[in-house]
Amino acid sequence: MTRKLEGKVALVTGSGRGIGRAIAQKLANEGARIVVNDLDAEPAEEAVQAIREAGGQAVACVGNVTAPDFAERFVGTAVSEYKGLDIVVNNAGYTWDNVIQKMSDEQWYAMLDCHLTAPFRILRAAQPVIRALSKSEAEAGQRVVRKVVNISSVAGLFGNAGQANYSTAKAGIVGMTQTLAKEWGRMNVTVNCVAYGFIKTRLTVSAAGDATATIDGREIKVGVNPDLMAAMERSIPLGRGGTPDEAAGAVYLLCIPESDYVSGQTLMCSGGLTGI
């Protein structure tokens, strides 16, 4: 059976762990060649190895997506390693919560830098590559559809208390998605967004809700109190949080040929939750 993404080249940020890793593995299983990214070398290399052991192709591009030189290096890895670029998934992210009166400028800008500025830079760096490929294909009488999938959140659609920074960034990525769908349609690129609800990852699940993770040199509180988590899951029509594999499935839908005429859209992957 032919795999739907055979030979495609995909960039996936934050793909050493969690949702990003599930996305990378899903696309690789369908034949895409993956450029894996993570802040840390170890999880990035583990993800690459897992893809290779499953018969896929992958290389790592380790680094912080917010670094000024990251975007060019990331796109350059796809071009140098695989001589192409077909799919961009802007997935990397985390939360750093506080109510607005207690939120620092550092917290505010950290979320905008990671969730909005980093995707902007990556897509800006990708545009000349995609334009050249599209022009060459048009001259050869070929039509190749490329895909951009940006990751938003239900918090970006409806807001969420304690997340003014994160919600604002995730709302912004929806606007960027809609704009680039208009700008890039002439290059046969679809640009869509997936807005996640509650997905169970290392950043949302911990035994006591008081764990921390080191992200970009900062100790960030992660996890959700078990009682609060149970209440959250009761509010979801499907009665539970999603898994990383289920989250990856939503991205996959927007990468396959069946979605070639879908662009400028935001797909909610939230178990039926339509507000928070």
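Rounding to the nearest 0.5 angstrom, the gap separating the CG atom in Asn192 from the OG atom in Ser152 is 12.5 Å. Between atom CD1 of residue Ile199 and atom CD of residue Glu246 there is a gap of 7.0 Å, rounded to the nearest 0.5 Å. Here the CD1 atom belonging to Ile51 is positioned 5.0 Å from the CD atom belonging to Gln25, to the nearest 0.5 angstrom. The line from CG of Asn29 to CZ of Arg3 is 8.0 Å long, rounded to the nearest 0.5 Å. A distance of 5.0 Å separates CD1 in Ile23 from CD1 in Ile151, rounded to the nearest 0.5 Å. Taken from CD in Glu72 to CD1 in Ile122, the straight-line distance is 10.5 Å, to the nearest 0.5 Å.
The minimum heavy-atom distance linking Gly84 with Val9 is given by the pair O-CG1, 3.4 Å. Scanning all heavy atoms of the two residues, the minimum distance from Cys114 to Pro119 falls at O-CD, 3.5 Å. Taking both residues in full, the closest heavy atoms of Trp96 and Met111 are given as N-SD, 3.8 Å, listed atom of the first, atom of the second, then distance. Taking both residues in full, the closest heavy atoms of Ala110 and Arg218 are given as CB-NH1, 3.9 Å, listed atom of the first, atom of the second, then distance. Here the closest heavy-atom approach between residue Cys61 and residue Arg73 is recorded as SG-NH1, 3.4 Å. In this structure, Ala50 and Arg21 approach most closely via the heavy-atom pair CB-NH2, 3.5 Å.
A side-chain N or O of Gln49 and one of Glu53 form a donor-acceptor pair less than 3.5 Å apart. In summary, the side chains of Asn91 and Thr13 do not present any donor paired with an acceptor at a separation below 3.5 Å, with no hydrogens or angles considered. Side-chain contact, Gln107 with Asn165: no donor N or O sits under 3.5 Å from an acceptor N or O. Using modelled atom types, one finds a donor on one side chain and an acceptor on the other under 3.5 Å when comparing Thr66 with Asn64.
Between Arg17 and Asp40 a salt bridge is recorded (basic side-chain N to carboxylate O distance below 4.0 Å).
No more than 12 heavy-atom neighbours from other residues, nucleotides or ligands sit within 6.0 angstrom of CD1 on Ile100. Enclosure of atom CD in Glu42 is not indicated, since only 12 or fewer non-hydrogen atoms of other residues, nucleotides or ligands lie within 6.0 angstrom. Around OH of Tyr109, the count of heavy atoms belonging to other residues, nucleotides or ligands within 6.0 Å does not exceed 12.
When atom types are taken as modelled, the side chain of Ser134 and the backbone of Ile130 share no donor-acceptor pair closer than 3.5 angstrom.
Applying the salt bridge (charged side-chain N to carboxylate O under 4.0 Å, His left out) test between Asp86 and each of Lys4, Lys147, Arg33, Arg146 identifies Arg146 as the sole match.
In this structure the side chain of Val48 never reaches within 4.5 angstrom of the side chain of Val59, judged on heavy atoms. Two residues are said to be in side-chain contact when any heavy atoms from C-beta on lie closer than 4.5 Å; Gln265 and Val262 meet this criterion. Under the 4.5 Å side-chain criterion, counting only non-hydrogen atoms from C-beta, Val191 is in contact with Asn150. Two residues are said to be in side-chain contact when any heavy atoms from C-beta on lie closer than 4.5 Å; Ser270 and Ile236 fail this criterion.
Taking the six-membered ring where tryptophan is involved, the planes of Tyr166 and His115 are perpendicular, since the angle between them exceeds 60° and thus also 30°.
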